[in-house]
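Here's the structure we're looking at; comments come further down.
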Protein chains: 2
Amino acid sequence: MADPTPGGESLLFLTDENLRKGIEAMFFAYRGFTADPDRILETMDYGRAHHRAVHFIHRSPGTTVGNLLTILGVTKQSLNRVLRTLFDDGLVEARVGKQDKRERHLHLTEKGRALERALSDAQRARMRAAYRAAGPNAVQGFRTVLEAMMDPEQRRQYQGLKEGSA
Amino acid sequence: MADPTPGGESLLFLTDENLRKGIEAMFFAYRGFTADPDRILETMDYGRAHHRAVHFIHRSPGTTVGNLLTILGVTKQSLNRVLRTLFDDGLVEARVGKQDKRERHLHLTEKGRALERALSDAQRARMRAAYRAAGPNAVQGFRTVLEAMMDPEQRRQYQGLKEGSA
DNA sequence: TTGGAATGTCAACAACACTGACATAAATTC
DNA sequence: GAATTTATGTCAGTGTTGTTGACATTCCAA
């Protein structure tokens, strides 16, 4: 019998069945991933879109609307609807750019930081439990596969944060 | 200095910064995960909900509407809207149960199988590329962490398929 | 000064989720 | 056999989040 693994390593992990399991794992895990913040959000008048906006504004304080549009991958109309409620409710404030006065630099207010903390505490708790249960090696693999699954554009945004982007 | 890792292992992988990276990895990777099927779906009149229904009917031929409701975690009204279009377009057929005539057992037609194949080929291609790039060890870790991230109920459904469920 | 970039806003629409209420048929239980 | 429960379908209304398209404002830059 010819060796089916020219590189010397087993390629059994690439069977369609294994890929299907990976696909379903993503589906079910993503549900768990969003479940806890969702529960908090639904007690307010907010949804996932608000969570995402708050998260990325927290991560990159002073980011512009345009940056946020690129990261979130939605239309400005869609983002604007969300941002307006966050302004109105006093969670986010927009400061006119000093150099370029067309830009609006987004910042969380104290109230906004409180919501961000509540949401990310909930989400991190589950992530931490999963990490702890799986161990550091598994976590390393987890991150490696997810990164390989991103579009190049998304991967750039994911990695670009290491050296600060705002 | 006291040893911060009583078990002897480093717990540095549990820092908030690492957890945040994991959270964003999930966010960006899920976008990539759904991007390819989404492109196919939008050329038709279908969306992600149709994809999910077709996927799970393919995986568990003869599954009932109730089973599907549990797996997908949506309301019957929501699922019904999707199933109706799949019936009307001749992608899925419902057979009245032999033992329990209230049940509708769902099956893909040839046309339905064709769509399923197109969608899962696209999704598997990306998953395969990611798996190959990351290697078997990373894939193992990927699956372990995702599994730990699921709700217990979801985990049961994810695992229950090993021994066939339809 | 003109063109384009960054942003905001109005209107309409679609996908996909939800709740609540009601209907039907069949199984189950008393 | 009657009453109840289960499985499914359907009608109506609502909400979140996305989309296009069009238009206005402000301001940087050539």
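The model shown is predicted, which means the values in this text are computed figures rather than measured ones. Reminder, nothing fancy here: chain letters follow the sequence lines and each chain counts from 1.
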Please give, in whole Å, the distance from [N] [atom2] to [X] [atom1]?
{"X": "A:L86", "N": "C:dG8", "atom1": "CG", "atom2": "C1'", "answer": "16 Å"}
{"X": "B:L79", "N": "D:dT10", "atom1": "CG", "atom2": "P", "answer": "12 Å"}
{"X": "A:H51", "N": "D:dG18", "atom1": "NE2", "atom2": "P", "answer": "13 Å"}
{"X": "A:D38", "N": "D:dT17", "atom1": "CG", "atom2": "C1'", "answer": "13 Å"}
{"X": "A:L69", "N": "C:dT9", "atom1": "CG", "atom2": "P", "answer": "14 Å"}
{"X": "B:L68", "N": "D:dG9", "atom1": "CG", "atom2": "P", "answer": "11 Å"}
{"X": "B:R31", "N": "D:dG18", "atom1": "CZ", "atom2": "P", "answer": "10 Å"}
{"X": "A:N67", "N": "C:dA5", "atom1": "CG", "atom2": "C1'", "answer": "14 Å"}

OP1 or OP2 of [N] under 4.0 Å from side-chain N/O of [X]:
{"X": "B:R84", "N": "C:dC16", "answer": "no"}
{"X": "A:S78", "N": "D:dT17", "answer": "no"}
{"X": "B:H50", "N": "C:dC16", "answer": "yes"}
{"X": "A:T75", "N": "D:dG18", "answer": "no"}

Compare all side-chain heavy atoms of B:R155 with those of B:E147 and state whether any distance is below 4.5 angstrom.
yes
Step-by-step side chain to side chain donor-acceptor pair (under 3.5 Å) determination, A:N18 to B:Y131
CA-CA 10 Å; A:N18 264 332; B:Y131 271 26; over 6 Å; no
Touch check for B:R81, heavy atoms < 4.0 angstrom, all strands: base, sugar-phosphate only, or nothing?
base
Decide side chain to side chain donor-acceptor pair (under 3.5 Å) for A:H55 and A:Q123; before the verdict, give the C-alpha distance in whole Å, the side-chain angles of both, and the deciding distance to 0.1 Å.
CA-CA 11 Å; A:H55 172 95; A:Q123 199 159 42; 5.5 Å; no
Any N or O donor-acceptor pair under 3.5 Å from the base of C:dG20 to the side chain of B:Q77?
yes
Going by heavy atoms closer than 4.0 Å, what residues in residues 97-109 of chain A are next to DNA chain C?
A:R102, A:E103, A:R104
Go through A:Q157 and A:T70 one step at a time and tell me if the side-chain contact (heavy atoms from CB on, under 4.5 Å) criterion holds.
CA-CA 9 Å; A:Q157 265 147 23; A:T70 307; 3.1 Å; yes
Identify the two heavy atoms, one from A:F27 and one from B:I71, that lie closest to each other, and give their separation to 0.1 Å.
CE2-O, 4.3 Å
When rounded to the nearest 0.5 angstrom, what is the spacing between OH in B:Y30 and OH in A:Y30?
7.0 Å
Salt bridge flag under 4.0 Å for residues A:R126 and B:D151:
yes
Residue whose closest nucleotide on DNA chain D lies nearer the 5' end, A:V96 versus B:F87:
B:F87
Closest to side chain of B:K76, choosing from D:dT10, D:dC23, C:dA11
D:dT10
